[in-house]
Amino acid sequence: MDEKFLKPYSPKETEDNIYKLWEESGFFNPDVCIKEGITDKDARPFSIVLPPPNVTGRLHLGHAFEDALQDAFVRFARMRGKKTLWIPGTDSAAIATQARVEKEIYKKEKKTRHDLGREEIVSRVEKFAKENEETMLNQIKKMGASLDWSRYAYTLDEKRNAAVSEAFVQMYDAGLIYRGNRIINWDPKGQTTISDDEVVHEERDGMFFTFRYWKDFPIPISTSRPETKVGDTAVAVNPEDKRYKEFVGKTFTGEFAGTTLSIRIVADDVVDKEFGTGAVGVTPAHSHTDWEIADRHDLPRPQVINEYAKMNETAGSLVGGLKTLEAREKIIEWLRENTLLEKEEKIKQNISLSERTGGIVEPLPKLQWFVNVNKPFKIPHSKISGIKAGEEITLKELMHKAVSEGNIEILPARFEKSYNHWIDNLHDWCISRQIWFGHRIPAWHKSKGATEEIHVGINAPEESGWSQEEDVLDTWFSSALWTFSTLGWPEETDDLKTYHPTTLMLPGYEILFLWVSRMVLMSGFHLGELPFKNVILHGIVRDRQGRKFSKSLGNGIDPLEIIEKYGADALRMGLIVGAAPGNDVKFDEQKIKGYKHFTNKIWNISRFVLENTKDVNMDAEYVKEDRVIRERFDVVLKEVTKDIERYRLDLAAETLYHYTWHTFADTILEHSKAIFEDEPENVESRKKLLISILADLLKLLHPFMPFITEEVWSLLPRKDSELLMVSKWPE
RNA sequence: GGGCGAUUAGCUCAGUUGGCUAGAGCGUCCGGUUUACACCCGGAAGGUCGCAGGUUCAAGCCCUGCAUCGCCCACCA
């Protein structure tokens, strides 16, 4: 008997050694598995890319959860003989990372990015990213993740950079990327544009004011943002509204709060007759809706608020130069003095905030780069059913068909509905950011007298005088290429041919729009292919009270802390059991503790079996009772296999827990004691039974609890493979 | 405003196309056990399956309405 068995199982003394053993074997890399004859070279491929965590800090339990789920699927696939590849990577996360570092710098040194300059900021952010990267990779390894580290990718490494530039240029050439002056979401705090999906809403108390621009203006209007009214160029009313019909088409000019306004009355369907006064003061430059109204009626769009959320000169003498909130007070005061204010009421209103910086988003017109989601283009080749090569299609249609034609299956299926709804409401995607950390846009500027020439290409044109675009790309632009940029695209690598489309994608449901849908877009456009076949969305790991883990609540838990106390196997089991696809999970340390007990149970079961089966004869015939027990186990085995196949790891894990503890240990092992004591004629059969079930149980448990199962496996006197990790899944 | 989810034992959750005398883990209570394991074993208590209707031989599961909590989306200024 190995002396290890004399003590309770110790994850701390085991896990690191086991991980080293795996890494040294090289079997995380499918090429090695094929070379060593473990995987058939014609085996079906199975591939997953790790959703690359942002290099903004340490990993949290949500990452641990995601890693546990993926690793279970990966190990299962590998044991079933698939050509199995799981690609690791990290994401530079442009704005999130830069915002973190800037905040830190400001706190410590009271310096802004403009004090330090582009080069210094980028170098500091890179240093920060590098440190986090190291921490994160260590955390991932501690979880037992069987990732092929030889294929590690970082969104800002050389190959991924090349892929990003290539993707941009190709889309530009296809007319799907354009530069245009349009209304965007401006984050005054982060001093950058952000996409619609990076805006979060928060309900706050606000005031709703009803007034007229001047005394004899015919229509009263209502607003919650009086300060923007100095930028109004129209009043929109519903075409059916009898009250205002006579004014439509007329223009009124007058003095309003220190400026002169020329207001045209227009009729537009978006206006709700019943709401407010049934008339909208249109501020084209500072409201998305109003911008669109201006589009339809060809209205002027004066900008009255600048990038610092201050009123500019165009705003007029009363409020010019003031902060927006000061301007609001000032205008209300002015309205009162001039007895123009007809009504003020308290309302609840949604305000828009930048997800990353918390700054209040100010809609502004700006010259930016966009991806056009509504422009038809000819798709050169297509392996997507429902889309023919050479067909004219828009990116929106492409994203729709990818799912609706059954090409991609989303689990739980209910998320398909929100995916489709998101696409229906999708506007052109603003991809340029006014920050410094990220992929610089492959566009080049050269001034020619008063005008500017632009060249889009990987490299600057030969002649002198060209300088690269200052803006960087939205981080999701590069993430969207991830399934194929990690496989070597734009080169036509063997990896790309073998492993793309990937088999599974396991992101959290919160990035269905930000990431999943955009991977579909990019993969569809660049490869005429889907990025993956199945998407399994997992929920959020919450604390015991159901709250999100967050810095401000101070309830964060480092997975390493839990691994230190209970072991990675226990953490993995605790996260997987009870976590149905798409459901949030509550994290309870007691639960993890329970699974630590389970690891010890496995340990003791193994000790008992090995102690009592030293002289086992594997050619023995089962007696009837044992045959029945083995058959019942085979039923469990099939059930577990089926559950994993239909992506219900939670059920498979629970079934295994229950069988191992309450059937194998409590019933079969206990009864074996009596057999060894009193039934010599049944002993030989029973010994074979115990060792055979134990060996198979270790295999079944391996995807969930890889460390302890591998450790026990190493102590088995006879086995069909040196490492459990590459043993054959029992059928 | 639109959409989605949850509501089952004290807690966390299963319950797959309706067949359930409704399950598991943890917790609680009672008893036991020292050569596999106290990180243990045996046993018990504990539920009108959110509420109200309906379909059906049969409903936790299907239909309708309602309530509470939560999430997502949205151009009610």
Side-chain angles (χ1 to χ4, degrees), chain A residues 1 5-10 183 196-197 199-201 208-210 221-225 228-229 232 235-236 268-283 286-293 347 349-350 363 412 414-422 424-427 509-510 512-513 539-540 542 544-548 566-567 570 573-574 577-580 582-612 639 642-643 646 648 650-651 654-655 657-658 661-662 665-666 669-670 672-673 690:
Chain A
M1 181 58 30
F5 273 133
L6 300 177
K7 294 185 295 183
Y9 174 67
S10 164
I183 190 161
D196 295 345
D197 297 281
V199 176
V200 290
H201 300 282
F208 196 54
F209 305 94
T210 301
I221 57 159
S222 304
T223 185
S224 56
R225 296 198 61 190
T228 63
K229 298 292 102 184
D232 283 11
V235 163
D268 199 291
D269 288 328
V270 297
V271 182
D272 179 355
K273 281 191 290 187
E274 311 301 322
F275 186 80
T277 62
V280 183
V282 181
T283 323
H286 301 289
S287 149
H288 288 94
T289 321
D290 295 3
W291 179 270
E292 285 170 19
I293 295 176
I347 52 155
Q349 61 172 345
N350 272 332
R414 63 184 137 92
F415 282 100
E416 284 185 16
K417 212 167 178 174
S418 29
Y419 171 86
N420 286 322
H421 186 248
W422 178 82
D424 292 337
N425 287 306
L426 190 61
H427 297 275
Y509 60 70
E510 76 276 10
L512 176 62
F513 309 140
I540 295 167
R542 296 170 179 279
R544 232 150 59 102
Q545 290 128 57
R547 302 174 305 179
K548 268 189 174 179
Y566 307 106
M573 268 306 262
V577 174
N583 285 2
D584 289 354
V585 286
K586 283 184 190 161
F587 184 80
D588 183 356
E589 208 174 312
Q590 284 310 305
K591 191 172 165 191
I592 309 301
K593 195 175 165 191
Y595 288 106
K596 187 189 174 175
H597 295 175
F598 182 52
T599 53
N600 199 54
K601 190 73 186 178
I602 295 172
W603 190 245
N604 283 299
I605 287 170
S606 307
R607 180 203 301 194
F608 178 88
V609 172
L610 290 179
E611 247 171 22
N612 287 287
E639 196 182 316
K642 205 177 131 209
D643 280 339
R646 56 185 194 121
R648 292 303 303 268
D650 55 318
L651 300 182
E654 204 172 343
T655 303
Y657 174 89
H658 202 252
W661 201 311
H662 300 297
D666 292 348
L669 257 56
E670 284 307 320
S672 300
K673 291 177 187 170
L690 291 180

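Computed from heavy atoms alone, side chains included, the values below leave out hydrogens, waters and symmetry copies. First the proteins, then the strands, lettered A, B, ... as listed; each starts at 1.
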Task: Side-chain (A/His286) to main-chain (A/Thr228) donor-acceptor, under 3.5 angstrom - done: no
Task: Length of the CG-P vector between A/Asp650 and B/U12, whole Å - done: 18 Å
- [ ] Provide the distance between the two C1' atoms, one in B/U48 and one in B/U8, to the nearest whole Å.
- [x] 12 Å
TODO: Under the side-chain hydrogen bond (donor to acceptor under 3.5 Å, both in side chains) rule, collect the residues that match up with A/Arg542, sequence neighbours excluded.
DONE: A/Asp584
Open item on the list: Between A/Leu669 and A/Leu690, does the side-chain contact (heavy atoms from CB on, under 4.5 Å) criterion hold? Intermediate values first, please.
Closed with: CA-CA 8 Å; A/Leu669 257 56; A/Leu690 291 180; 3.7 Å; yes
Report, one pair per line, the protein and nucleotides 4-11 of chain B atoms (nitrogen or oxygen only) whose separation is under 3.5 Å.
unit_1 : atom_1 : unit_2   : atom_2 : d
B/C4   : OP1    : A/Lys417 : NZ     : 2.7

TODO: Could you give the distance separating B/G43 and B/A58 at their P atoms, to the nearest angstrom?
DONE: 37 Å
Open item on the list: Taking ring pair (Phe, Tyr, Trp, His ring centres under 6.0 Å) as the definition, give me every residue that meets it alongside A/His658, ordered by chain and number, with sequence neighbours left out.
Closed with: A/His662
Open item on the list: Quick one, A/Thr210 and A/Thr277 - any side-chain contact, counting heavy atoms below 4.5 Å?
Closed with: yes
Task: d(CG, A/Asp666; C1', B/C41) in whole Å - done: 7 Å
Open item on the list: Once side chain to side chain contact (heavy atoms under 4.5 Å, CB included) is applied, do any residues pair with A/Arg544, and if so which ones, sequence neighbours excluded?
Closed with: A/Asp588
Atom pairs under 3.5 Å, N or O on each side, protein against nucleotides 22-25 of chain B: can you list them with distances?
unit_1 : atom_1 : unit_2   : atom_2 : d
B/G25  : OP1    : A/His662 : NE2    : 3.2

Task: Side-chain heavy atoms of A/Trp661 within contact of A/Ile605, under 4.5 Å - done: no
Open item on the list: Whole angstroms only, please: what is the NZ-P distance between A/Lys7 and B/C39?
Closed with: 16 Å
TODO: Could you note down all residue pairs passing side-chain hydrogen bond (donor to acceptor under 3.5 Å, both in side chains) where residues 594-603 of chain A supplies at least one of them, sequence neighbours left out?
DONE: none
Open item on the list: Would you measure the distance from the C1' atom in B/G5 across to the matching atom in B/A24 and give it in whole Å?
Closed with: 23 Å
Open item on the list: Without decimals, in angstroms, what is the distance between A/Asn612 CG and B/C37 P?
Closed with: 11 Å
- [ ] Determine the Euclidean distance between corresponding C1' atoms of B/A6 and B/U28; express it in Å to zero decimal places.
- [x] 27 Å
Task: Between A/Phe598 and A/Tyr566, ring centroids under 6.0 Å - done: no
Task: Polar side-chain atom of A/Asp650 near backbone of A/Gly578 as donor-acceptor pair, under 3.5 Å - done: no
Open item on the list: Quick check against the 3.5 Å criterion: does A/Asn583 have a side-chain atom that pairs as donor or acceptor with the backbone of A/Ala579?
Closed with: no
Task: For A/Tyr419, all residues meeting ring pair (Phe, Tyr, Trp, His ring centres under 6.0 Å), sequence neighbours excluded - done: none
Task: Residue list, side chain to side chain contact (heavy atoms under 4.5 Å, CB included) with A/His421, at least two apart or on another chain - done: A/Asn425
TODO: Send over the distance from A/Arg542 CZ to B/C13 P, rounded to a whole Å.
DONE: 11 Å
Taking only nitrogen or oxygen atoms into account, show me every contact under 3.5 Å that the protein makes with nucleotides 73-77 of chain B, one pair per line with its distance.
unit_1 : atom_1 : unit_2   : atom_2 : d
B/C73  : O2'    : A/His421 : ND1    : 3.4
B/A74  : N6     : A/Asn350 : ND2    : 2.7
B/C75  : O4'    : A/Thr289 : OG1    : 2.7
B/C75  : O2'    : A/Thr289 : OG1    : 3.1
B/A77  : N6     : A/Asp272 : O      : 2.8
B/A77  : N6     : A/Phe275 : O      : 2.8
B/A77  : N1     : A/Asp272 : N      : 3.3

- [ ] Quick one: stems involving RNA chain B, counted as three or more successive Watson-Crick or G-U pairs, both distances short of 3.5 Å.
- [x] B:1-7 with B:67-73, B:10-13 with B:23-26, B:28-32 with B:40-44, B:50-54 with B:62-66
Open item on the list: In whole Å, I'd like the distance from the CG atom of A/Asn600 to the P atom of B/C37.
Closed with: 10 Å
TODO: List in chain and number order the residues that pass side-chain hydrogen bond (donor to acceptor under 3.5 Å, both in side chains) with A/Asp196, two or more places apart in sequence or in another chain; answer none if no residue qualifies.
DONE: A/Asn185
Open item on the list: Measuring only the C1' atom in each nucleotide, how far is B/G2 from B/A22? A whole number of Å is fine.
Closed with: 36 Å
- [ ] Between B/C13 and B/C57, how far apart are the P atoms? Round to whole Å, please.
- [x] 37 Å
- [ ] Could you give the distance separating B/U34 and B/C40 at their C1' atoms, to the nearest angstrom?
- [x] 11 Å
TODO: Please tell me if the side chains of A/Arg646 and A/Leu651 come closer than 4.5 Å, counting only heavy atoms from C-beta onward.
DONE: yes
Task: Check: A/Asn612 and A/Ser672 side chains under 4.5 Å, non-hydrogen atoms - done: no
Task: Residue-phosphate contact under 4.0 Å: A/Lys601 side-chain N/O, B/C40 OP1/OP2 - done: no
Show each protein N/O and nucleotides 15-18 of chain B N/O combination with a separation under 3.5 Å, one pair to a line.
unit_1 : atom_1 : unit_2   : atom_2 : d
B/G15  : OP1    : A/Arg648 : NH1    : 3.4
B/U16  : O2     : A/Arg646 : NH1    : 3.0
B/U16  : O2     : A/Arg646 : NH2    : 2.8

TODO: Round to a whole Å and report the spacing from CZ of A/Phe5 to P of B/A36.
DONE: 14 Å
TODO: Starting from P on B/C39, measure out to NE2 on A/His597 and report it in whole angstrom.
DONE: 7 Å
Task: Under 3.5 Å donor-acceptor, A/Lys586 side chain and A/Arg547 backbone - done: no
Open item on the list: Suppose you measure atom C1' in B/A36 against the same atom in B/U68; what distance do you get, rounded to whole Å?
Closed with: 50 Å
TODO: Would you classify A/Glu510 as touching base, sugar-phosphate or nothing, given that sugar-phosphate means primed atoms plus P, OP1 and OP2, and contacts are heavy atoms under 4.0 Å?
DONE: nothing
Open item on the list: Main chain of A/Thr283, side chain of A/Ser287: is a donor-acceptor contact present, judged purely on distance under 3.5 Å?
Closed with: no
TODO: Using a heavy-atom cut-off of under 4.0 Å over every strand shown, decide if A/Ala665 touches base, sugar-phosphate, or nothing.
DONE: base
